[in-house]
Participant: 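Before anything else, here's the structure in question.
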Amino acid sequence: MRLVVAGSPAAAVPTLRRLAASEHEIAAVLTRPATPQGRKRVLTPTPVAQVAAELGIPVIEASRVDDEVTARIAEFDVDLGVIVAYGALLRRAALDTPRHGWINLHFSDLPAYRGAAPVQRAVMAGDTRTAATVFQLVAALDAGPVYASEPFDIDPEATAGEVLAAMAEVGSDVVARVVDDIAAGTAVATEQSGEPTLAPKLTIEDGRIDFAAPAAVVHARLRGVTPEPGAYAHLGETRVKLLRSTSGTGGTPAPAPSLAPGALALADGRLLVGTADVPLTLVEVQPAGKKAMDAAAWARGLGELDGKVLA
């Protein structure tokens with residue numbers, strides 16, 4: 001079959017490569033326009049655009065799929081559209097352009113976590129299991145019938161970025177199987193069942209860590225907002241990015257000290273921070289204006305920790 005693949009971030013790259021290596025032909029790639037990146041604000045194509053150029057696949061760059069973009073897709077005379085984290089909604093005219101419509105790889109066990117941030121919201125909620133799901137794209141948000149779903153166990157120490165990267169690899173195989181089934185005429189889609197939940201895009205405020213919550217809740221939130229929008233707290237007037245934590249104190253032989261929420265203490269070479277119940281270990285931080293660093297080393301540089309609180 002002739003395919004058009006729509007996607008933008010790194011999470012869409014495994015599916016693009018998987019389909020490019022298949023017996024199907026990728027006629028074109030649809031992706032978001034290049035954006036300024038880094039301190040020098042260099043105009044940089046999306047990861048999908050970069051891989052498409054490497055593979056010699058024509059690229060359509062568009063921030064929204066209007067009549068002009070739909071007409072460009074139609075020129076490629078495609079049988080099926082495949083979308084993975086493209087970043088914009090498709091109108092009815094675009095949905096109807098490929099002969100078999102569009103399929104979407106979504107990183108949740110639908111109808112749970114419909115929306116832009118399914119992995120982040122699942123990790124923030126402390127979920128231990130999710131799924132990579134391929135469904136038929138319809139006009140309603142992530143509501144189409146499901147072709148296939150592959151369960152995925154969430155590592156309790158992994159960040160949302162790490163979970164998404166692993167799920168992208170698993171999901172690429174699910175997409176490939178569904179594309180093969182559609183080509184063979186054997187694909188069967190089943191309507192979603194159960195009560196839908198939503199996973200709206202995260203904001204910067206979602207990254208603010210409240211140490212008055214239990215340790216498990218704090219740890220889950222920190223993991224869920226990493227790397228974007230990023231976890232943070234303030235030490236006095238200084239904003240500190242919290243890049244990684246680990247549950248408990250790492251099996252240290254001495255009991256962890258009792259700490260008020262946000263209070264800092266060094267114990268057995270680890271930096272502990274108080275929560276509503278037990279202390280949490282901070283592993284890596286990034287103070288404002290500095291590079292990422294070992295959390296304990298940062299704390300030692302602060303001198304006496306009594307009275308120092310992350311809030």
Side-chain angles (χ1 to χ4, degrees), residues 9-11 35-39 41 113 115-127 154-165 199-250 256 259-267 269-311:
T35 55
Q37 299 290 325
R39 291 185 178 180
R41 310 304 289 163
Y113 297 115
V119 173
Q120 295 94 322
R121 295 290 179 182
V123 174
M124 289 168 65
D127 291 359
I154 299 176
D155 184 330
E157 297 293 333
T159 65
E162 292 164 345
V163 173
L164 181 58
K201 184 178 179 179
L202 301 183
T203 67
I204 291 176
E205 185 59 24
D206 286 311
R208 181 180 173 276
I209 300 300
D210 179 9
F211 291 102
V217 174
V218 174
H219 184 49
R221 177 169 286 269
L222 193 152
R223 292 165 49 229
V225 299
T226 302
E228 294 293 340
Y232 68 92
H234 288 87
L235 183 68
E237 298 298 318
T238 302
R239 177 168 165 149
V240 182
K241 292 182 180 179
L242 309 174
L243 304 181
R244 188 174 293 274
S245 62
T246 185
S247 54
T249 58
L259 294 173
L264 299 174
L266 285 166
R270 295 174 179 268
L271 176 61
L272 306 181
V273 58
T275 70
D277 48 19
V278 296
L280 187 70
T281 301
L282 293 179
V283 177
E284 188 177 17
V285 301
Q286 184 176 2
K290 298 184 179 180
K291 295 182 179 180
M293 60 189 303
D294 176 78
W298 168 70
R300 286 192 290 271
L302 297 176
E304 179 58 54
L305 293 182
D306 281 352
K308 289 185 169 62
V309 176
L310 286 173

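The analysis underlying the following values was restricted to heavy atoms, covering all of them including side chains, and did not include hydrogens, waters or symmetry mates. Predicted model, so just to flag it, every value in this text is computed and none were measured.
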Participant: Test side chain to side chain contact (heavy atoms under 4.5 Å, CB included) on Leu282 and Leu242 and set out the steps.
Facilitator: CA-CA 8 Å; Leu282 293 179; Leu242 309 174; 4.3 Å; yes
Participant: How close do Leu305 and Leu264 get, counting heavy atoms only, and between which atoms?
Facilitator: CB-O, 3.9 Å
Participant: Of His219, Arg223, Glu157, which meets side chain to side chain donor-acceptor pair (under 3.5 Å) against Thr246?
Facilitator: Glu157
Participant: Quick check: closest heavy atoms across Gly269 and Ala296, and the distance to 0.1 Å?
Facilitator: O-CB, 3.4 Å
Participant: Inspect the contact between Arg244 and Glu162 and indicate whether a charged nitrogen and a carboxylate oxygen are less than 4.0 angstrom apart.
Facilitator: yes
Participant: Side chains of Phe211 and Leu310: does their closest heavy-atom pair fall under 4.5 Å?
Facilitator: yes
Participant: Measure the spacing between CG of Leu259 and CG of Asp277 and express it to the nearest 0.5 Å.
Facilitator: 11.5 Å
Participant: Can you confirm whether Lys308 is buried at NZ, in the sense that more than 12 heavy atoms of other residues, nucleotides or ligands lie under 6.0 Å from that atom?
Facilitator: yes
Participant: Tell me, do Trp298 and Val240 make a side-chain contact under 4.5 Å, heavy atoms counted?
Facilitator: yes
Participant: So, for Ala276 and Ala212, which heavy atoms are closest and what is the spacing to 0.1 Å?
Facilitator: CB-O, 3.0 Å
Participant: Between Val218 and Ile209, is the side chain to side chain contact (heavy atoms under 4.5 Å, CB included) condition met? List the steps.
Facilitator: CA-CA 7 Å; Val218 174; Ile209 300 300; 3.6 Å; yes
Participant: List in chain and number order the residues that pass side chain to side chain donor-acceptor pair (under 3.5 Å) with Thr35, two or more places apart in sequence or in another chain; answer none if no residue qualifies.
Facilitator: Gln37
Participant: Would Arg121 count as a cation-pi partner of Tyr113, with NZ or CZ less than 6.0 Å from the six-membered ring centre and within 45° of the ring normal?
Facilitator: no
Participant: Can you name the closest pair of heavy atoms from Ala160 and Val123 and give their distance?
Facilitator: CA-CG2, 4.2 Å
Participant: Enter the distance from Leu243:CG to Asp294:CG here, rounded to the nearest 0.5 Å.
Facilitator: 11.0 Å
Participant: Indicate yes or no: at least one non-hydrogen side-chain atom of Leu266 is less than 4.5 angstrom from one of Arg300.
Facilitator: yes
Participant: Are the side chains of Val309 and Leu235 in touch, meaning some heavy atoms are under 4.5 Å apart?
Facilitator: no
Participant: Mind running side chain to side chain contact (heavy atoms under 4.5 Å, CB included) on Leu280 and Leu272 for me, showing each step along the way?
Facilitator: CA-CA 6 Å; Leu280 187 70; Leu272 306 181; over 6 Å; no
Participant: Tell me, with the steps shown, if Asp206 and Arg221 meet side chain to side chain contact (heavy atoms under 4.5 Å, CB included).
Facilitator: CA-CA 8 Å; Asp206 286 311; Arg221 177 169 286 269; 4.1 Å; yes
Participant: Is there a donor-acceptor pair closer than 3.5 Å between any side-chain N or O of Glu228 and the backbone N or O of Gly230?
Facilitator: no
Participant: Between Asp127 (side chain) and Ile154 (backbone), is there a donor-acceptor pair under 3.5 Å?
Facilitator: no
Participant: Work out which heavy atom in Val217 is nearest to a heavy atom in Ala213; give both atom names and the distance.
Facilitator: CG1-CB, 3.9 Å
Participant: So, for Pro229 and Thr203, which heavy atoms are closest and what is the spacing to 0.1 Å?
Facilitator: CG-O, 3.1 Å
Participant: Around Ile204, counting heavy atoms of other residues, nucleotides and ligands shown, do more than 12 lie under 6.0 Å from its CD1?
Facilitator: no
Participant: Report the residue from Leu202, Val163, Thr159, Thr226 that forms a side-chain contact (heavy atoms from CB on, under 4.5 Å) with Gln120.
Facilitator: Leu202
Participant: Measure the shortest side-chain to side-chain distance between Met293 and Pro287 over non-hydrogen atoms and say whether it is less than 4.5 angstrom.
Facilitator: yes
